[in-house]
There are 2 protein chains.
Amino acid sequence: MTAVPSPADGQLPLRVALVEDQRATRESWSRLISSFSDFTCVCACATAEEALLLVPQSKPNVILMDIFLPRMSGIECTARLKAVLPKVPIVMLTASDEDETVFQALQAGANGYLLKRTEPAALRAALLDVLNGGAPMTSEVARRVIDSFHTKKPNREKPINLTAREEETLVLLTKGYSNKEIAEHQNLSIETVRSHLKNVYEKLHVRSRTEAVVNYLSKQKE
Amino acid sequence: MTAVPSPADGQLPLRVALVEDQRATRESWSRLISSFSDFTCVCACATAEEALLLVPQSKPNVILMDIFLPRMSGIECTARLKAVLPKVPIVMLTASDEDETVFQALQAGANGYLLKRTEPAALRAALLDVLNGGAPMTSEVARRVIDSFHTKKPNREKPINLTAREEETLVLLTKGYSNKEIAEHQNLSIETVRSHLKNVYEKLHVRSRTEAVVNYLSKQKE
DNA sequence: GCTGGGCTCACCCGATTGGGGGATTTTAAT
DNA sequence: ATTAAAATCCCCCAATCGGGTGAGCCCAGC
């Protein structure tokens, strides 16, 4: 959609920052990136701490970040860099296939996710993709991300029929209101609110407002 | 990773089912798919109802589903087909860029998501991708999916320092436990729990357990 | 026309919660 | 060694909450 940002859209090579703890990998990736005519690796850091210091100064157009770093993880580092450079896309790199880290990284602000065994051509494509606002991912990773959308829904039960008032009351509950506040908010007697709430509790099989709120909010998230 | 499933991995063409209400589009896509030597369009339905009837019989290896269908949406249809054919990947098609539908479709069980203006070659690649367990998406869509992981964080405030015990107590609150239950769970006096809770309330600037829970859960979601 | 469900409200009662004081001990940091 | 913060526990008190029971009112469907 939008054109590649930053370097005046001219012929200046796109600036890549790399964070990777293993020296051999770091150096070979750095060389690989600079070998592309339209890219240059302007920063190659070995640790998260170093990255926080040097990456912002190197004014990169895109950042490649290893997930596993000593001490501070690449995820934490991603979150912190995003705070300083919110516009610069960050692509995570990982050798392995842990499920958890994918989401943590994405939640930390990562824009893409690549396995380290990516081919040079695919790496270049991914860099261009993310610079154009895309979200490069390998098939496997995309699959896992998508899977997180279908996650466990053995929810074949009845959808629980709350009446209009009961629903309203429940929603106000989830705003943190007390019964009195809900009553005022709806121009009802406190007793009526309590009455609706009793019905809600029964229908949701809970015994307290907190349980009801947790129950309701967790269903919203799905 | 895994090889393309089903047709004995021999030379049998891969079976595609198509659900698309607009006749012109449906027929041209159907022809396009069958024009690939390794694919054949075995079913082209105009409505969700028709799809629910014919698609399972046509034993497809993959399903292409338009999002916008008359009466029952492609999303609802996807959910129902997934109930019958859980293993068959479904790729959603859409002409427009609505944000909401993406997630609804993915939650309904869609495995990929393509814009209709996809090139023939890219369509073929996407079909192969999803059959190999990938999750084909255009850059734009992938971007939106990824964005859903970083949503809203104008949270530049201080991170609120809860002590270990306070945090534990708060977490148990969000499980819907009462003070007594928390006390038992942690082998503490109820008074201690109340004490921690008072501190939590003060730090979070809330006045009730429900507010604390809402506050905490909303931060988790980000 | 009757019935049932939803909505409204009321009263009682015991348990829980929130807010206000403390006090003591353990742990960590200076 | 001194100090500060954290963690533990206690008591009091008023307010809120959860559960039970019951009672009118209105509207839609049979």
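Quick note on labels: first sequence line is chain A, next is B, and so on, each numbered from 1. Excluded from the calculations below are hydrogen atoms, water molecules and symmetry mates; all remaining heavy atoms, backbone and side chain alike, are included.
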(Q) For B:V88, is there any backbone N or O sitting under 3.5 Å from a side-chain donor or acceptor partner on B:K82? (A) yes
Protein-nucleic acid N or O pairs under 3.5 Å, nucleotides 25-30 of chain C:
none

Q. Taking 5' to 3' order, which nucleotide of DNA chain D is first and which is last to have an atom within less than 4.0 Å of a heavy atom in chain B?
A. D:dA6 to D:dC12
Q: For A:E211, enumerate each residue passing the salt bridge (charged side-chain N to carboxylate O under 4.0 Å, His left out) test, keeping only those at least two apart in sequence or located in another chain.
A: none
Q: Could you pull out all residues at least two apart from A:E50 that satisfy salt bridge (charged side-chain N to carboxylate O under 4.0 Å, His left out)?
A: none
Q: Measure from CD on B:E202 to C1' on C:dG19 and round the result to the nearest Å.
A: 11 Å
Q. Does B:R165 have any salt bridge (charged side-chain N to carboxylate O under 4.0 Å, His left out) partners at least two apart in sequence or in another chain, and if so, which?
A. B:E168
Q | Those residues that, when tested against B:K59, pass side-chain contact (heavy atoms from CB on, under 4.5 Å) (two or more places apart) | A | B:R15
(Q) Holding to salt bridge (charged side-chain N to carboxylate O under 4.0 Å, His left out), I want the full list of residues that pass it with B:E191, two or more places apart in sequence or in another chain. (A) B:R194
**Q.** Terminal helix-axis angle for the helix from C:dG1-D:dC30 to C:dT27-D:dA4, with five pairs defining each axis and rounding to 10 degrees
**A.** 50°
Q.
At a heavy-atom distance below 4.0 Å, what parts of residues 192-199 of chain B sit against DNA chain C?
A. B:R194, B:K198
Q) Which parts of residues 175-188 of chain A get close to DNA chain C, meaning a heavy atom less than 4.0 angstrom away? A) A:L188
Q. Rounded to whole angstroms, how far apart are CD1 on A:I190 and C1' on C:dC7?
A. 17 Å
Q) Nearest to the side chain of A:S189 - C:dC7, C:dG19, C:dC9? A) C:dC9
Q. So, does A:N111 use its side chain to make a donor-acceptor pair with the main chain of A:I90 at under 3.5 Å?
A. yes
Q: Could you check how far CD of A:E166 sits from P of C:dG5, rounded to whole Å?
A: 13 Å
(Q) So, using side-chain contact (heavy atoms from CB on, under 4.5 Å) as the criterion, who are the partners of A:A183 when residues are at least two apart? (A) A:I190, A:V193
**Q.** Validation row: A:L64, A:E20 side chains within 4.5 angstrom (heavy atoms)
**A.** no
(Q) Can you identify which nucleotide, out of C:dC7, C:dG18, C:dA10, has its nearest atom closest to the B:S208 side chain? (A) C:dG18
Q | Counterpart residues, ring-ring contact (aromatic ring centres under 6.0 Å, His included), relative to A:Y201 (two or more places apart) | A | none
